[in-house]
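In what follows, residues are counted from 1 in the order of the sequence shown.
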Amino acid sequence: MSTNTTHATPAAAPVILSYGLGVDSTAILLRWLLEPETRDFDLANLVVLTAQTGNEWPETGRLVEQHIYPLLREHGIRTVQVARATSSQSDGITILGDTRTPERCYIAGAYTLAEEMFAAGTVPQTGGARLCSVKSKGWCLDQWIKNHTQGGPHRHVIGFEAEEMRRVLRDSQLGLPGRIPSYPLVEWGWTRQTCEDYILAHLGVAWPKSACSFCPYALTSQAGLERTLTRYIAHPEEAMLPLLMEHIAVALNPRQGLIAGDRLADALVARPDAGPLLAAFDAHLDAQPWTVYEVKRAFRAHPDDMMRPANAVRSLQRLAELDGTRTDALNRLNLLADLHETPVEHDGAHRRVWLRHRNIYYPCAEHALVAAPALVPDKVGPGFDTAWDTAQRGPSQLSLLT
């Protein structure tokens, strides 16, 4: 399949580069500017468009401001930065910057992915579609492009590498009306290594991988995990957010964890050079307001297999009237354990009192009291009361026999 779609673009149509701040899109932009013969459009028609999640590594923002934005200013290239306005898509996007003289990379975003994760008391999940990227990046880009082009023809440039043809084939079938997808790295035969080498040769910088500082996909390979742990240890302040996010998520659900269900904290404990970082995080935990949560989770039954859950719905309620210190929350949890004549579970740095464990058959329920930083609002999922009543009864005897 030919991926060179640029010939179909009207001469005056806008060329919109999805600039993710990382290696691939930086290499495209840099080559277009340094080697004009590699592009077939006037820079006046180029828009460099970035969706800011709000949680990019600070180093990436600094490098963009030091090396890329001066070039964009020199050439007068329109540079647009957008972000989610709120948790609701009905509120649209926020325009963080729209200028031909960019200076600031707004990596702080507006409504951030971290805010969404804390509001839900969870961490981004791996597997399936990258919903966090879809909501915080793809959707924001589409909203701006739709408003800008009004459905007219436009070239949408994506930094897929020559070895990512599966992603190219999938992406080429998607998009807004008037979208003409373009993949320069595929057309040039450039791999990630080619991009890294090009940037290093022309800017003298080893450009880092762009990602949220808590991106679980950056932790799934051994190389990615080691690279990220090393960054955390070198810059402990940047590890506080992912560790706090994971700590709360694991407190509320011990099956959570930033490393595809495994825990980032455990991976750091295994590193002999992580002692100062872990001590700093313990102090960071002490500085948070704390409370005791009551966590109820109802697991619905899969219609075809009683040993598989269909989905779960949760109720999360604070038991303490006022948030207190970590010591206050742990003392209150100990009192509740005595009241229920149930031991306190010690799970690493986490403390829980289990009032009901989930079953191996579905529907079923679990019920726990946990001490955790008071950063997650009370929330009852839709249909919880009905699901909880059903889950407490468990599977019927008839279903067990069949």
Side-chain angles (χ1 to χ4, degrees), residues 5-54 56 60-85 92-110 136-160 171 175-185 187 195 199 202-203 207 210:
T5 58
T6 59
H7 64 277
T9 314
V15 177
I16 303 171
L17 170 65
S18 285
Y19 184 43
L21 312 180
V23 171
D24 298 329
S25 52
T26 295
I28 292 172
L29 185 54
L30 192 59
R31 194 180 192 204
W32 278 347
L33 298 180
L34 299 181
E35 303 178 51
E37 67 275 12
T38 63
R39 54 181 166 81
D40 61 353
F41 57 89
D42 192 288
L43 292 179
N45 293 335
L46 176 62
V47 179
V48 175
L49 177 62
T50 301
Q52 299 283 15
T53 67
E56 178 64 64
T60 303
R62 289 193 295 269
L63 288 174
V64 169
E65 291 174 351
Q66 291 169 6
H67 297 280
I68 300 304
Y69 281 0
L71 290 172
L72 299 184
R73 291 197 299 272
E74 177 185 342
H75 293 276
I77 294 172
R78 186 176 182 183
T79 306
V80 181
Q81 299 178 68
V82 298
R84 295 168 67 186
I93 60 173
T94 293
I95 308 298
L96 302 171
D98 186 346
T99 178
R100 293 185 181 273
T101 57
E103 294 186 1
R104 182 179 173 188
C105 187
Y106 294 95
I107 61 170
S136 294
K137 288 190 174 183
W139 179 80
C140 294
L141 298 176
D142 283 349
Q143 297 311 297
W144 189 89
I145 293 172
K146 181 168 60 176
N147 292 336
H148 177 65
T149 65
Q150 296 294 308
H154 59 280
R155 188 186 310 179
H156 189 194
V157 182
I158 308 293
F160 291 150
D171 178 78
L176 300 167
R179 179 181 188 251
I180 303 168
S182 177
Y183 314 100
L185 297 180
E187 295 164 13
C195 295
I199 295 171
H202 291 280
L203 298 182
W207 205 269
S210 171

Looking at NE2 of His202 and CG of Leu30, how far apart are the two atoms once the value is rounded to the nearest 0.5 Å? 6.5 Å

Taking side-chain contact (heavy atoms from CB on, under 4.5 Å) as the criterion, tell me which of Leu71, Leu17, Leu33, Val47 meets it with Ile77. Leu33

Correct closest heavy-atom pair for Ser210 and Gly20 would be OG-O, 2.9 Å

For a side-chain hydrogen bond (donor to acceptor under 3.5 Å, both in side chains) with Gln52, tell me which candidate from Arg84, Lys137, Gln81 qualifies. Gln81

Mind checking whether Phe41 and Trp32 have parallel, tilted or perpendicular rings, split at 30° and 60°? perpendicular

CZ of Arg31 to CD of Glu37, rounded to nearest 0.5 Å, is 7.5 Å

Within the 4.5 Å heavy-atom criterion, are Ile95 and Trp144 side-chain neighbours or not? yes

State, to 0.1 Å, how close Gly61 and Ile107 come at their nearest heavy-atom pair, and which atoms those are. CA-CG2, 4.0 Å

Is there a donor-acceptor pair under 3.5 Å between the side chain of Glu65 and the backbone N or O of Cys105? yes

Would you check if the side chain of Trp207 reaches a backbone N or O of Leu21 as a donor-acceptor pair within less than 3.5 Å? yes

side-chain contact (heavy atoms from CB on, under 4.5 Å) with Pro70: of Gln66, His67, Arg73, only one passes, and it is Arg73

Smallest heavy-atom separation, Pro153 atom then Pro14 atom, equals O-CD, 3.6 Å

Going by heavy atoms in the side chains, are Val64 and Tyr69 under 4.5 Å from each other? yes

Atom pair OG/CD1 of Ser25 and Ile68 - distance to nearest 0.5 Å: 9.0 Å

Residue pair Ile16 / His148, side-chain heavy-atom distance below 4.5 Å: yes

Contact summary for Ile158 and Pro184, nearest pair of heavy atoms: O-CD, 3.9 Å

Decide yes or no for Leu46 and Arg78: does some side-chain heavy atom of the first lie under 4.5 Å from some side-chain heavy atom of the second? no

How long is the gap from CG on Leu141 to CG on Leu49, to the nearest 0.5 Å? 5.0 Å

Counting C-beta onward and ignoring hydrogens, is there a side-chain heavy-atom pair between Asp142 and Trp139 closer than 4.5 Å? no

From CG (Leu203) to CG (Leu63), nearest 0.5 Å: 9.0 Å

Measure across Ala51 and Ser136 and return the closest heavy-atom pair with its distance rounded to 0.1 Å. CB-O, 3.8 Å

Using atom types as modelled and distance alone, determine if a side-chain donor or acceptor of Thr94 lies under 3.5 Å from a backbone N or O of Leu96. no

Only one of Thr50, Asp24, Thr26, Thr79 clears side-chain hydrogen bond (donor to acceptor under 3.5 Å, both in side chains) with Tyr19; which? Thr26

Side-chain contact test, heavy atoms from C-beta onward, threshold under 4.5 Å: evaluate it for Arg155 versus Asp40 and give yes or no. yes

Verify, without hydrogens or angle tests, whether His154 (side chain) and Gly152 (backbone) share a donor-acceptor contact under 3.5 angstrom. yes

Is Gln143 close to Val82 at the side-chain level, that is, under 4.5 Å between some pair of heavy atoms? no

Over all heavy atoms of both residues, which pair between Asn45 and Ala13 is shortest? Give the atoms and the distance, please. CB-O, 3.9 Å

